[in-house]
Amino acid sequence: MPQNKKRSCCSSFFLEKRCSVSGYDFKKIEDKWQKSWEESQPFSVDKNPKNPFYVLEMFPYPSGVLHVGHVRNYVLGDVLARFKKAQGFDVLHPMGWDAFGLPAENAAITHNTHPRTWTHANIQHMRKQFKRLGLGYDWSREFATCDESYFMHEQEMFIRFWKENLLVRKEGVVNWDPIDQTILANEQIENGRGWRSGALIEKKKMRQWFVRQSDFAEELLASIKDLDEWPAAVRTMQENWIGYSEGAIVRFSVKDRDSLEVFSTRPETLYGATFCAVSVEHPLAEEAASTHKDVADFITHTRAHPFDEQSDQATQEGVKLSFEACHPLTKELLPIYVVNYVLSDYGTGAIFACPAHDERDFAFAKRYNERIQQVIAPAQGEWSGEEALVVPRDDIGGTLIHSKELNGLSCASAFERVTETLIKQGLGAKQERYRLRDWCVSRQRYWGTPIPMILCDDCGEVPVPVEDLPVSLPQDIVFDGQGNPLDKHPTWKHVSCPQCAKPAVRDTDTLDTFFESCWYYLRFISQPKDRCFDPKEVEQFLPIDWYIGGVEHAVMHLLYVRLFMIMLVRAGYLKPIKTPIKRLLTQGMICHRTYRTKDKEWVEPKDVKKQADGTWALKDGTPVTEGASEKMSKSKKNVVDPDSIMEAYGVDALRMFVVSDAPPERHFDWSDTGLHGSWRFAKKLYAMMDEWRDDLTAEQPKQEMTQEFLVLMHKTIAAVTDDLEAMRLHLAIAHIRALFNAVTQSAAAGCMQNLWHGWRALLLLLDPFMPHLSAELREQCSVESSWPSYNKNYLVADMVTVAVQVNGKMRGTVEVALNAAEQDVLQEAQNIIARTIGNQPVRKVIFVMNRIVNVIV
RNA sequence: GCGGGUGUGGUGGAAUUGGUAGACACACUAGACUUAGGAUCUAGCGGCGGUUACGCCAUGGGGGUUCAAGUCCCUCCACCCGCACCA
């Protein structure tokens with residue numbers, strides 16, 4: 001079990017040494033304050049908040065192992081939550097567990113434990129680690145999605161969604177993962193392989209539950225405009241995923257058969273159509289296969305070896321069918337092929353091919369000697385005919401030719417004209433299409449929310465009566481890794497139909513775990529026993545003010561959350577809302593240097609030391625080469641273990657380090673020396689308290705701060721406040737450190753009034769980052785927790801530095817009074833100017849008050 | 001290929017949005033204190049030249065606008081991320 005794992009011994013010399021030097025006993029301080037927070041629960045939030053503020057980090061899967069990526073993610077959120085709380089907001093900052101999913105079940109298979117036992121043990125361990133990190137959560141709201149008290153409400157939602165016709169059970173070609181023995185959503189496949197198992201995905205037909213996601217494509221696309229505080233990258237990823245395109249349906253008649261419907265985004269090239277092509281799933285292809293062996297063989301072959309554009313050998317292939325399509329405008333008869341490069345689940349699964357203006361059709365036509373008919377003339381020059389001439393529709397250059405009534409038109413006008421014609425003659429229609437497909441939510445797995453439906457031979461799909469909820473997971477289950485455990489359970493699925501009372505069976509599938517993560521943020525706000533949430537309470541805290549998590553959830557999770565909100569509104573759970581998530585922060589991953597020996601063996605960075613000649617070697621002298629900084633992974637041996645870091649340097653140093661140096665959304669380079677620097681900073685703070693204890697704990701000094709220091713202090717408070725507001729935590733830290741340096745200098749210079757005030761501001765600014773040390777030091781000099789305020793009047797000194805330029809080149813600076821006039825500044829700068837220009841006449845002077853004076857000669 | 005992003009010292013990264021490039025750190029160098037330093041303190045730290053004063057060059061490359069460009073415009077290059085038979 002992961003929680004029994006041995007603490008890795010810290011062979012890095014930094015890790016070995018730290019305790020011996022310094023009175024900064026972080027362990028004692030951390031234990032003291034964590035115990036205090038445990039008792040006082042400072043992060044619980046009022047039921048009737050006056051200034052609600054919702055900070056949420058994507059909840060973790062309880063794998064049982066905390067890694068530094070988690071640390072960064074949750075510290076980011078915690079810094080923000082503590083900051084907003086100090087500002088007086090009623091901050092909701094909850095934590096829970098995304099506890100259903102395959103790893104628990106896989107662990108059950110390999111370790112012979114029950115998924116529930118495994119999951120709960122992991123949660124236990126991770127909760128301890130989270131508390132150790134000093135993360136300020138309202139633990140009273142904690143839940144795991146595998147709790148029956150959570151998923152029972154999800155089952156009720158499922159039934160209500162079904163009644164609202166938001167769900168459908170249908171057969172479709174699904175992706176079968178032969179290792180995990182389950183189907184996967186399209187989004188869960190990467191390059192043809194399962195996202196978890198890496199197995200090659202097979203196609204299989206099954207009856208599944210789908211969320212009618214495609215019905216909401218338009219709404220999901222349009223509402224992206226409301227996500228103006230989301231990263232641009234996430235918005236475009238969602239846009240691409242939804243994949244809008246505008247085109248037309250065109251009907252080609254086929255003798256003695258239903259007409260062949262094709263979808264085209266370029267109907268204006270219809271006169272350039274020289275053949276039609278259908279996918280291997282198309283009815284015409286299937287019919288042909290029953291009588292023609294070559295067609296059947298081609299279909300079988302293509303299913304086994306689908307067209308993959310990425311591969312170098314990808315070639316467009318096909319077999320001519322015995323049918324012919326009648327061109328709707330020219331009435332010409334065109335051959336029909338079944339081909340490998342047409343998708344069955346996009347458009348109508350059939351196209352008209354215009355080889356002159358489409359690369360794929362062009363390649364196919366060349367290979368099978370089909371006619372190539374140019375219908376668009378390029379803006380300049382002639383088409384060589386060596387490769388397809390692809391002209392975007394918005395290109396004003398292209399002009400239609402060889403296209404009868406369309407000749408001379410631009411593509412855009414031709415598009416309008418040809419669709420009008422098709423509509424008039426009943427041969428087609430304009431159509432908008434989306435790539436977005438329905439979301440398959442059935443999983444052939446045990447460890448998930450049971451789908452609360454009963455399948456009756458007579459009545460069809462019948463929901464489990466609400467009073468019979470929850471549908472619980474049976475405990476006595478066999479995990480042998482084969483098939484669906486629920487389906488194989490001897491009794492569980494057998495029930496009588498709630499409608500006709502005849503024997504029936506439960507749906508033995510469980511829900512995709514993305515279902516749970518679609519509404520957990522609502523349950524955090526409000527968790528009544530008898531229903532999913534109280535809409536009034538929920539609406540108080542929505543939308544989430546800041547949502548923090550990994551960019552890998554840009555499409556799936558974050559799109560499903562938006563979809564789910566639309567469904568909740570449709571089903572009457574909530575009032576409409578623009579977006580459930582106001583601001584999104586996608587944090588970058590943590591990287592670490594990699595090292596390899598000359599045998600290409602990865603070695604751990606902590607075992608490597610730089611030699612005098614600048615090369616790297618192991619302690620025994622074995623030379624190693626330094627590689628790039630890469631995402632931490634076990635195989636590359638560049639992971640660091642948060643437990644040993646906390647042990648050696650303390651939580652506050654770790655917390656501060658993971659948010660310093662790099663902007664949160666960018667990747668972060670781990671370095672032992674960087675961590676060491678944060679620890680040194682903590683230690684210096686502690687030492688400062690020791691050294692100046694009498695002055696720091698004394699009454700407020702009578703003397704005023706120096707002007708320079710006063711301005712710096714207020715500027716720092718203003719800057720850190722703005723930085724935190726915008727989640728530029730690395731800059732906040734830079735500003736805090738600058739103030740600390742000034743405080744140190746003031747102390748050394750004997751300016752006790754600067755020290756006294758600056759120290760207090762410092763502790764408050766530092767509190768979100770190093771909460772334990774800050775609390776300890778604040779207690780020692782009686783400083784209450786609150787966010788420091790600044791006075792705008794103090795943000796500018798009464799003297800400013802003005803840059804002096806000659807012909808736009810910097811020649812020096814002068815100190816002048818704030819808002820000094822041009823003449824006074826020139827007066828002050830005359831030496832610098834004279835030195836540079838000699839006695840050349842001045843042609844022009846550019847003066848920007850408090851900034852710059854530029855003399856042109 | 002399409003879309004998004006990034007490019008600044010030895011390194012991570014700043015720069016009031018057109019106005020003193022390199023804040024804050026890390027690394028490094030020298031010195032101090034030390035039995036010791038991997039602790040701590042002090043100083044230095046973009047490059048070239050000069051004893052200094054100072055000068056020249058520098059924000060991926062090239063061009064432009066401007067009194068003034070890391071920032072605006074044009075163009076080229078490199079890297080990263082996402083999507084990619086979507087008709």
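Just so it is clear: chains get the letters A, B, ... in the order the sequence lines come, proteins before strands, and each one is counted from 1. FYI, side chains are in, hydrogens and waters are out, and symmetry mates aren't considered; it's all heavy atoms of this structure. Computed from a predicted structure; not experimentally measured.
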| remark: Contacts of A:Y368 meeting ring pair (Phe, Tyr, Trp, His ring centres under 6.0 Å) (sequence neighbours excluded), chain-then-number -> A:Y337, A:F364

| task | Using the C1' atom as the reference point in each nucleotide, state the distance between B:rU29 and B:rU35 in Å, no decimals. | result | 25 Å

| query | What is the distance, rounded to the nearest whole Å, between atom CE of A:M556 and atom P of B:rG82? | reply | 12 Å

| said: Rounded to whole Å, how long is the line connecting atom NZ of A:K715 with atom P of B:rA23? | reply: 16 Å

| said: Starting the side chain at C-beta, find the nucleotide from B:rC67, B:rC56, B:rA87 nearest to A:S264. | reply: B:rA87

| said: Whole angstroms only, please: what is the CZ-P distance between A:R266 and B:rC86? | reply: 13 Å

Please list, pair by pair, any protein nitrogen or oxygen found under 3.5 Å from a nitrogen or oxygen in nucleotides 41-48 of chain B.
none

| said: Give me the distance, rounded to whole Å, that separates B:rC73 from B:rC83 when you measure between the C1' atoms they each carry. | reply: 30 Å

| note | Between A:S279 and A:G677, whichever has its closest RNA chain B nucleotide further toward 5' is A:G677

| task | Rounded to whole angstrom, note down the C1' distance from B:rG50 over to B:rC28. | result | 25 Å

| note | Across every strand shown, the nucleotide meeting Watson-Crick or G-U wobble geometry with B:rG3 (both distances under 3.5 Å) is B:rC81

| field | Side chain A:N854 and base B:rC67 donor-acceptor under 3.5 Å | value | yes

| request: Using the P atoms only, state how far B:rA25 lies from B:rA36, rounded to an integer number of Å. | output: 29 Å

| task | Any chance you could lay out the ring pair (Phe, Tyr, Trp, His ring centres under 6.0 Å) test for A:F681 and A:F740, step after step, and finish with the verdict? | result | CA-CA 9 Å; A:F681 179 68; A:F740 173 75; 5.1 Å; yes

| message | Measuring only the P atom in each nucleotide, how far is B:rA21 from B:rA15? A whole number of Å is fine. | response | 16 Å

| query | Is the distance from OP1 or OP2 of B:rU16 to the nearest side-chain N or O of A:R851 less than 4.0 Å? | reply | no

| field | Salt-bridge contact A:E246-A:R433 (side-chain N to carboxylate O under 4.0 Å) | value | no

| note | Among the nucleotides B:rA23, B:rC85, B:rG55, whichever has the atom closest to the side chain of A:R811 is B:rG55

| message | Expressed as a whole number of angstroms, how long is the span from A:M810:CE to B:rG70:P? | response | 13 Å

| message | For the C1' atoms, the ones on B:rG22 and on B:rG70, what distance do you get once it is rounded to whole angstrom? | response | 11 Å

